[in-house]
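All remarks here apply to the structure that follows.
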Amino acid sequence: MHDCHREIARWLKAAGAEVTVDAAGNLRGFYGAAESSRPRLLLGSHLDTVPNAGAFDGVLGVVIAVALLEALEGRQLPFAIEVVGFSEEEGVRFGTPFIGSCALVGRLDSDLLNREDGNGISVKNAIEHFGLNLEDIPRAALSKGTLAYLEFHIEQGPVLESLGRSLGAVEAIAAQSRMSFEFLGRANHAGTTPMHLRHDAIAAAAEWILAVERTAENHPGLVATVGQIEAKPGATNVIAAEARVSLDVRHKSDDILKRAAETLVRLAREIAARRGLTLRQSVLLSQHAVAMDPFLIDQIQEAIRSTGCQPHRMTSGAGHDAMILAEKVPAAMIFLRSPGGISHDPAESVEPGDVAKALECGLHLLDQLANSSELQKRMCRA
Ligand code: HGY
Ligand code: MN
Ligand code: MN
């Protein structure tokens, strides 16, 4: 992350921005307005990613924001622009996502700070190891005069490609729940223990994982994923005593998600009980669905049309920092087509032509907002 900050800070400074790193490790680039102390527009995305990732998820949004500053060539607008590169959006290391953006909305609290990674290092420790000062966390909060947050991001799915569209306007971001389940059975000898006397944690987890898949298949629009599984003691000739699995379940409706999550927890309890195991279950994230700002969605659609593209309004199945920023400021997202619908994998890619269209769209958007009476009104209130 230090290397990434160094590189992007160099580009930001060359484009005329002042660069800082806030106490949550977010890179912040401030590009002033025609008149000083004017409200600011936030542009950005996240800089972290997932294991064995592609090269575009998150970082493309930050690079597009930097490129928009470069394209302004020192021209100042009636509002300032702040580019933000969030430090931790995916939730890979500490099990819970949006740590960087939570700092901007004042939610980087002690519960989050005390979350530990697999090596027992807490978020707090990680912040100090990175060379930052925990006492400065309150200063990471959004500045009072923030008008809106806009995020360019790859779609990470197949929709835009199936429609032959370059760019999409995100209407809403789906709700998601992330949980950890521990099936606790009893280790025993693989050769001497008859099948009917076993309390096999891996077999119990496997039965539940198939039930998860079946439940999602039977609920239109529901997606449920077990992405992590680890078993103990993990020897070929020992019946597993423990199996810890993750669950990521999402739907655009909060109610449907809530009912589906309750069903999956009930199924885990029933399978554990029937097999004579105990179950430990914890919620790592419960994030409701978030609608994007209608005014900004309209502006994005207009800007996409100005590039000669036909916009597509869509829901995002992937979570994004925009759903956190939306708690405090109007937020909206522009999606770029994902060739093959692939993401979270080295095969993730973008079409250079779509990136060029995204930049064009971004410049139209800045001009539209600079001349928008609605934004003028928001600036007065900011
Ligand atoms: O997993 C997600 O929703 C996104 O990639 N953070
Ligand atoms: Mn991601
Ligand atoms: Mn992302």
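Just so we're clear, the structure is a prediction, and the values are computed from it rather than from any experiment. Every number for a ligand or one of its atoms is a count from 1 in the order of the listing. Residue indices begin at 1 and follow the sequence shown.
- Within the 4.0 Å heavy-atom criterion, neither part of H320 lies near ligand 1.
- The Mn ion (ligand 3) is closest to atom NE2 of H46 (considering only N, O or S atoms).
- Residues S87 and N26 bring a donor and an acceptor atom of their side chains to less than 3.5 Å of each other.
- For H2 and F130, the ring centers are positioned less than 6.0 Å apart.
- Its N, O or S atom nearest to the Mn ion (ligand 3) is what matters here, and for D57 that atom is OD1.
- At a 3.5 angstrom cut-off on N or O pairs, D248 does not count as close to ligand 1.
- Counted by atom type alone, S338 and Q156 present zero donor-acceptor pairs between their side chains at under 3.5 Å.
- Each of the following atoms of ligand 1 lies closer than 4.0 Å to a heavy atom of Q176: 3 (O).
- H199 and N188 share no donor-acceptor pair across their side chains, judged by distance under 3.5 Å alone.
- For ligand 1 and H344, the ligand atoms under 4.0 Å from any heavy atom of the residue are 1 (O), 5 (O).
- In the displayed structure, Q228 atom CD is contacted under 6.0 Å by at most 12 heavy atoms of other residues, nucleotides or ligands.
- Using modelled atom types, one finds a donor on one side chain and an acceptor on the other under 3.5 Å when comparing R337 with S166.
- Distances shorter than 4.0 angstrom do not occur between any heavy atom of H46 and any atom of ligand 1.
- Nearest protein heavy-atom neighbour of atom 1 (O) of ligand 1: R250 NH2, 2.9 Å.
- Contact analysis puts R178 in contact with ligand 1, with a non-hydrogen atom separation below 4.0 angstrom.
- Remark: ligand 1 and A318 share no N or O pair separated by less than 3.5 Å (distance only, no angle test).
- Between H344 atom NE2 and E90 atom OE1, the angle centred on the Mn ion (ligand 2) amounts to 90° (nearest 10°).
- Here is the list of ligand 1 atoms found below 4.0 Å of a heavy atom in E89: 4 (C), 6 (N).
- With values rounded to the nearest 0.5 angstrom, L47 atom CG is found 4.5 Å from I8 atom CD1.
- The Mn ion (ligand 3) has an N, O or S atom of H153 inside 2.8 Å of it.
- Between D321 and V84, the closest side-chain pair of non-hydrogen atoms is not below 4.5 Å.
- Taking the six-membered ring where the residue is Trp, the centroids of Y149 and H320 are separated by 6.0 Å or more.
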